[in-house]
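Excluded from the calculations below are hydrogen atoms, water molecules and symmetry mates; all remaining heavy atoms, backbone and side chain alike, are included.
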Amino acid sequence: AVLAVDGNITHELGVIRAVAADLTKAQLDELSAGDHSLRIFENGSIETAGKRGPEDRKGIVEGKSVDLGGTRIMKKTLYTTLINGDVVHQMGIDGTGIGIAVLDTGLWKHAGIKNDASGNVRIKAVYNATTDTVASSPMSGDDPAGHGSHVASIAVSSRVTAEGNYNGVAPGASLVSVQAFDEQGQGSYANVIRAIDWVIANKDVHGIRVLNLSFSAEPRSYYWDDPINQAVMAAWQQDIVVVAAAGNRGPAPLTIGVPGNVPYVITVGA
């Protein structure tokens, strides 16, 4: 139908049986007036659920970190102890055997992210949904925004405190970096859906059991009608545990964003 009106298809989004396309107003009007079984959505914008600080790229947060480039020793950690993750680690549960895909702004490969708790390289793949390319080496790619590295560090960092506590929740897990957002933390519906499609298609190849989505858009429809949410539900149907951000507009009612408003996922707020 898109080709029939001379539209330019930019994304094949098989996960939701759709395509993304560039259309002029005349082409859009012609498409809308034609096959009424078509459902047409604007390729809306979406942003990471965080605001970049001036010191993020230097890895300095209130003077609590040492040299992020080399050492794996942290002065203190809060993520794990606040949720009793340190107790779970002492039970021998550290995420080993679980693959986590972080769909975000990319990945800065400092030692805590690059290596798991056993010192092995944990990064399995790096995919860029904007260019629809897989990096030739898992060590390729960067994170111009820092948000993806921040999220991945909370999830898997193998750095330890002087007391021996891990800085990350699952320091033994493997990691897949999926980039769909730019240096300003901005992305599009089409790129995010393409990214989720890639994760589903490659979940068995890379052992992906968890998909982290720390981004949010204002809901524009019922949760089941939203194109990103449709892709998220497809991931859930493929036995992937999806963790999504509630967004930063709370805590008033009706402020949880897309895809955090999907009832089949774990939605995280503060």
Side-chain angles (χ1 to χ4, degrees), residues 48-53 55-124 143 145-178 206-216 240-248 250-251 260 265-270:
T48 55
K51 299 300 181 184
R52 182 179 179 183
E55 299 297 327
D56 284 357
R57 290 290 288 147
K58 296 180 182 179
I60 301 171
V61 182
E62 298 179 0
K64 295 173 184 174
S65 63
V66 193
D67 176 14
L68 290 186
T71 182
R72 296 177 65 190
I73 301 296
M74 300 292 289
K75 288 185 177 180
K76 63 184 298 186
T77 185
L78 297 175
Y79 315 130
T80 54
T81 54
L82 282 172
I83 62 171
N84 292 328
D86 54 332
V87 177
V88 178
H89 295 161
Q90 292 166 13
M91 297 167 60
I93 300 171
D94 66 357
T96 297
I98 302 297
I100 301 174
V102 176
L103 200 173
D104 216 285
T105 60
L107 200 62
W108 180 35
K109 299 163 189 69
H110 65 65
I113 284 182
K114 176 182 176 183
N115 302 108
D116 64 19
S118 300
N120 301 312
V121 175
R122 75 161 99 238
I123 304 172
K124 300 301 182 182
D143 182 4
H147 189 266
S149 302
H150 161 66
V151 170
S153 293
I154 295 173
V156 304
S157 179
S158 60
R159 296 182 187 277
V160 294
T161 67
E163 294 79 20
N165 290 326
Y166 285 112
N167 193 240
V169 176
S174 61
L175 189 63
V176 174
S177 175
V178 182
H206 301 302
I208 299 170
R209 297 279 303 282
V210 178
L211 172 60
N212 189 89
L213 309 176
S214 292
F215 51 80
S216 185
I240 297 174
V241 176
V242 181
V243 184
N248 290 334
V265 310
I266 298 172
T267 302
V268 181

For Asp143 and Ser149: C-alpha separation, side-chain torsions, deciding distance, then whether side chain to side chain donor-acceptor pair (under 3.5 Å) applies. CA-CA 7 Å; Asp143 182 4; Ser149 302; 2.7 Å; yes

Should [X] and [Y] count as side-chain neighbours, where that means a heavy-atom distance under 4.5 Å?
X: Asp104; Y: Thr48; result: yes
X: Arg209; Y: Val241; result: no
X: Asn167; Y: Val160; result: no
X: Leu107; Y: Leu175; result: yes

Does the side chain to side chain donor-acceptor pair (under 3.5 Å) test come out yes or no for His89 and Asp94, once each step is laid out? CA-CA 5 Å; His89 295 161; Asp94 66 357; over 6 Å; no

Whether [X] side chain and [Y] backbone form a donor-acceptor pair below 3.5 Å:
X: Arg122; Y: Val176; value: no
X: Thr161; Y: Asn165; value: yes
X: Thr105; Y: Gly148; value: yes
X: Asn84; Y: Val87; value: no
X: Thr80; Y: Gly168; value: no

Looking at every heavy atom in both [X] and [Y], which two are closest together, and how far apart are they?
X: Ile208; Y: Ala101; result: CG2-CB, 3.9 Å
X: Ser174; Y: Gly99; result: OG-CA, 3.2 Å
X: Ala111; Y: Ser158; result: O-OG, 4.0 Å
X: His110; Y: Ser153; result: NE2-OG, 3.3 Å
X: Ser216; Y: Ala246; result: OG-O, 4.2 Å
X: Ala117; Y: Tyr166; result: CB-OH, 3.5 Å

Quick one: which of Leu103, Val102, Val156 gives a side-chain contact (heavy atoms from CB on, under 4.5 Å) with Val151?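 Output: one option passes, namely Val102.
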
Under the rule for side-chain hydrogen bond (donor to acceptor under 3.5 Å, both in side chains), what residues qualify as partners of Ser214, not counting sequence neighbours?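 By the side-chain hydrogen bond (donor to acceptor under 3.5 Å, both in side chains) rule, Ser214 matches Asn212.
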
Working to the nearest 0.5 angstrom, can you tell me the gap between Ile113 CD1 and His150 NE2?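 So the CD1 of Ile113 and the NE2 of His150 are separated by 11.0 Å.
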
Nearest 0.5 Å, what's the CD-OG1 distance between Glu163 and Thr81?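 Taking CD in Glu163 and OG1 in Thr81, the distance rounds to 10.0 Å.
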
Run the side-chain contact (heavy atoms from CB on, under 4.5 Å) test on Leu211 and Leu213 for me, step by step, so that the C-alpha distance in whole Å, both residues' side-chain angles and the decisive distance to 0.1 Å come before the verdict. CA-CA 7 Å; Leu211 172 60; Leu213 309 176; 3.7 Å; yes

Decide yes or no on side-chain contact (heavy atoms from CB on, under 4.5 Å) for Val243 and Val265, but give the supporting numbers first. CA-CA 6 Å; Val243 184; Val265 310; over 6 Å; no

